[in-house]
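One structure is given below, encoded as structure tokens.
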Amino acid sequence: MIQSLRIAGYRSLRDFRLRMGRVTVLRGANGMGKTNVYRALRLVSSLARDEFGYAVSQEGGMRSLLWAGNMDHARHTVLNVEVETDNFTYELECGLRPCSPGDPTAFKLDPDIKSEQLRFGRRVMAKRRGSQFQVANAKGVMQSSAQSVASSMSMLVAVRDLENFPLQLAACSDMSRWRFYHAMRTDAQAPARQPVRGYWSPVLAEDAANLPAVVQSIRESDRREVFDAALAEAFPDSELLIDHDSWFTLAWHGGSMPRPFSGLEISDGTLQFICLAAALCTPQPPPLLVLNEPETSLSDQVLPALAGLVEEASRHSQVLIVTHSATLSQAISERCKTREYELTMRLGETRLRGQEHGKTSYVIVDDDEEA
């Protein structure tokens, strides 16, 4: 479980630090930088999946995601991230690629990882400077790797020897299994509405393209009762069906409707809730599950059912909710213990409410709360 998170130099996050609980809720109005916390965590996870360069390119390249500065603070030229979990601490420093007049490369917007460090407690188990890295074996002895790593490639994915480096591989695996859901489409051409080939699918795709197969997988797992109970609470007298042969399709039957609706006919809000329920009821829970603005298209009447799903998911995963809905935040806090923070903006910098004029945005948790 992530205990604390520090993000410095990323978009509106000049130096942002956060203590996290089993369920953490970040709340704020539009334009406060909430989604930047989501994106930064997703970037960290992409390092462990060897997709960092691609993930940065999807954000417009390294230059576009760096802190732009304001009248109080200069522009950042590097991105720093520190993630402290129950088991390990991972640190990253990344910036722009150095360009000399004779440099022929066309990949000037690629990220350049300057340094990395992986610690278990106080013991450094891997560290990187430039393209070279060292890694500690199972006995704790640091060894220089003969393999160099590309500027956009993490040292974590370069370590593949399970027998000699089990801790490093465990940390990489943990980070790679973090799961993120944001803006799942519900328009007429949304992937979630389309038929899919039938196959066992315990994990909902980020675009929900495998939704019918995931629902059927949940129905054939021990998560069925939780999933169906949430749908019944949100939509009384309605039923979600899966027509399955070689192709799986959604069918939604309301008590007053003369016939079931196909996936193409289901309302946007209903489809959004089904997608969220499928993500939260996964038979293969991740270490961390992050939902960005899950209340989109949902009416307030179904938010208590969504809060119940968050509570159930927190039994198996750490959950981070990024939302602008005070109603959803309250519904979650009524169901389970949460850490809730409100975000605000000062001179283009995301801050925690109450710390707008501090030197940095830092959450300090006292011993009584931790106990």
Side-chain angles (χ1 to χ4, degrees), residues 26 30-31 34-43 45-46 49 51 54-60 178-199 201-219 227 230-231 234-235 238 240-244 247-254 260-282 284 286 288-303 305-307 309-310 313 319-325 327-328:
L26 294 182
N30 290 333
K34 303 184 304 298
T35 298
N36 288 337
V37 180
Y38 169 91
R39 287 174 172 168
L41 268 172
R42 198 171 183 278
L43 276 179
S45 183
S46 74
R49 298 192 303 271
E51 298 174 356
Y54 173 76
V56 170
S57 74
Q58 295 304 291
E59 297 206 21
W178 295 350
R179 212 168 290 163
F180 302 84
Y181 295 100
H182 169 57
M184 290 177 283
R185 288 174 52 191
T186 58
D187 58 89
Q189 286 75 42
R193 297 185 184 276
Q194 310 306 318
V196 298
R197 286 288 187 184
Y199 60 96
S201 306
V203 177
L204 183 70
E206 284 194 23
D207 63 356
N210 60 344
L211 179 62
V214 172
V215 172
Q216 185 61 33
S217 300
I218 292 171
R219 290 267 172 80
F227 180 82
L231 288 180
F235 308 103
S238 297
L240 175 63
L241 307 171
I242 301 296
D243 293 330
H244 52 82
W247 291 88
F248 287 19
T249 59
L250 299 176
W252 180 256
H253 198 180
F261 284 176
S262 71
L264 298 176
E265 300 172 291
I266 297 174
S267 74
D268 290 2
T270 301
L271 184 63
Q272 172 79 351
F273 187 90
I274 295 170
C275 289
L276 292 169
L280 290 162
C281 291
T282 173
Q284 190 174 307
L288 173 69
L289 179 61
V290 188
L291 302 180
N292 188 38
E293 297 188 359
E295 71 279 4
T296 302
S297 298
L298 299 183
S299 68
D300 287 352
Q301 286 74 19
V302 305
L303 295 184
L306 178 58
L309 286 171
V310 171
V319 183
L320 171 62
I321 306 293
V322 181
T323 179
H324 59 247
S325 171
T327 304
L328 176 59

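Numbering starts at 1 and runs along the sequence shown.
Thr249 OG1 to Asp243 CG: the interatomic distance, rounded to the nearest 0.5 Å, is 4.0 Å. Of the inter-residue distances, the one linking Thr327 atom OG1 with Leu303 atom CG reads 6.5 Å to the nearest 0.5 angstrom. Rounding to the nearest 0.5 Å gives a distance of 8.5 Å between CG of Leu309 and CG of Leu276.
A salt bridge is absent between Arg42 and Glu59: the closest approach of a Lys/Arg side-chain nitrogen to an acidic carboxylate oxygen does not fall below 4.0 angstrom.
Under the 4.5 Å side-chain criterion, counting only non-hydrogen atoms from C-beta, Gln194 is in contact with Leu264. Side-chain contact between Arg219 and Leu240: present, with at least one pair of heavy atoms (C-beta onward) separated by less than 4.5 Å.
A donor-acceptor pair shorter than 3.5 Å can be found between the side chains of Thr323 and Glu295. Counting only N and O atoms by type, the side chains of Arg49 and Ser45 include a donor and acceptor under 3.5 Å apart.
With sequence neighbours left out, the salt bridge (charged side-chain N to carboxylate O under 4.0 Å, His left out) criterion links Asp268 to Arg193. Under the side-chain hydrogen bond (donor to acceptor under 3.5 Å, both in side chains) criterion, Glu265 pairs with Arg259, Ser262, not counting sequence neighbours. Listed by chain and residue number, Phe235, Trp252 satisfy the side-chain contact (heavy atoms from CB on, under 4.5 Å) test with Ser238 (two or more places apart in sequence, or in another chain).
In terms of heavy atoms, Thr186 sits closest to Ser297 at OG1-OG, 4.4 Å.
The residue from Asn292, Thr296, Thr35 that alone fulfils the side-chain hydrogen bond (donor to acceptor under 3.5 Å, both in side chains) condition with His182 is Asn292.
Counting only distance, with no hydrogens or angles, the side chain of Tyr181 and the backbone of Leu204 share a donor-acceptor pair below 3.5 Å.
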